Every structure is written in C-alpha cells, then in structure tokens.
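On a predicted model such as this, the values are computed, not experimentally measured, just so you know.
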Amino acid sequence: MGQDYAGDVSVAAAWKALQEDQSAILVDVRTIPEFQFVGVPDLSAAGKQVHCLSWQVYPQMQVNPNFVEAVRELATQKDQAVYLLCRSGVRSVSAAVALTAAGYTNCYNIEQGFEGPPDAEGHRGAVAGWKASGLPWKQN
C-alpha cells in the first residue's frame, strides 16, 4: 500500500465490486455541472444508485467543507467499501485521503475516473475511464 487510502482500482474492478458487495457504495466527487452535462455511472444493474457529492464546489472549486459529514450519512460503517470517482482520477484521490483520515478503512480511488485522459484531439471519454470502458452510464 504505502498510500493514505486503501488503494487504486480499475473501473472494471470497481464495477465488479459494486455488483458483488451489497454494502459497497460509489461516490462521484465531480461538480454539479459535470453530473448534469457529462453524465453519471448507471448502477441500476447492481441495484444501486451513484451518490453525487462534490469534493470541490463549483465555480470557486474550494473543497466542500461538508464532504466527510455527507459521506458519513451514506457509509455508516467505517469499514464499508467506498469507491470514489471523478473525471480523471485526481480529485477522487484527495477525497479518499480525507475519508481515510476521518477513520474509513476501505476507500478506493477509481483510476482514470469517468472520462479518463484526453485523446489526441484533446477530448475526454474515448481513451479510458468509465465511459470508454463500456460500463453503464446515463446523461440527464
């Protein structure tokens, strides 16, 4: 490990864990505009819903002071698996570190996030990440 959280997992590993572990949750830490315009994972096949809870608040992008407390309402057990997702796997690391510091022991960053890195033309969502991997997602 050597990290300040449980570790990084691929989108495929996170999807599998969310389907198999009934207590595992997915917290999407992106901003409200990202949820609204880019889309969100669709966990209905796993009998769950994604929890959209911004780590940083748009437009100033300051850290959400209520983030840890809000997660406490979703994950009531400190050993519950919490999978964290952002656009590319950066903000979700910070969220995993904060939750681990608050006593959670199974916080996982989903590598490459929802959209992954940009492609040769600078567009996200086609190279890697939740969307590019063909996992279920929806747009509002």
Under 3.5 Å: donor-acceptor pair, side chain of E73, backbone of A70: no

pair N109-Y5: side-chain heavy atoms closer than 4.5 Å: yes

E115 (side chain) donor-acceptor with G125 (main chain) under 3.5 angstrom: no

Exercise: identify the closest heavy-atom pair between F67 and L53: CE1-O, 3.5 Å

Heavy-atom closest pair, residues A128 and Q112: CB-OE1, 3.0 Å

Interatomic distance, E111 atom CD to D8 atom CG [nearest 0.5 angstrom]: 4.5 Å

Crowding at CG, L74 (>12 non-hydrogen neighbours, <6.0 Å): yes

Polar side chain donor-acceptor pair, S54 to N64, under 3.5 angstrom: no

Cation-pi check, R30 onto F114 ring (under 6.0 Å, within 45° of axis): yes

Separation of K48 NZ from I25 CD1 (nearest 0.5 Å): 8.5 Å

N66 side-chain N/O to E69 backbone N/O, donor-acceptor pair under 3.5 Å: no

K78, NZ atom: more than 12 neighbouring heavy atoms under 6.0 Å: yes

N/O donor-acceptor pair under 3.5 Å between K138 side chain and V40 backbone: no

By side-chain hydrogen bond (donor to acceptor under 3.5 Å, both in side chains) - contacts of T105 (at least two apart): none

Residue pair N106 / D79, side-chain donor-acceptor N/O under 3.5 Å: no

Check: P136 main-chain N/O paired with W130 side-chain donor or acceptor under 3.5 Å: yes

Smallest separation among heavy atoms of A12 and L135, with atom names: N-CD1, 4.4 Å

A75 backbone acceptor or donor facing Y104 side chain under 3.5 Å: yes

Donor-acceptor pair, side chain of Q80 and main chain of S23, under 3.5 angstrom: yes

Beyond-backbone contact of R91 with V29, side-chain heavy atoms, under 4.5 angstrom: yes

Separation between OG1 of T100 and CG of D4, rounded to the nearest 0.5 Å: 7.5 Å

Over all atoms of both residues, closest heavy-atom pair of A98 and W55: CB-CH2, 3.5 Å

Smallest separation among heavy atoms of P41 and V50, with atom names: O-CG1, 3.6 Å

Over all atoms of both residues, closest heavy-atom pair of A13 and V9: CB-CB, 4.2 Å

Test item: Y83 and V27 side chains (from C-beta on) under 4.5 Å apart, heavy atoms: no

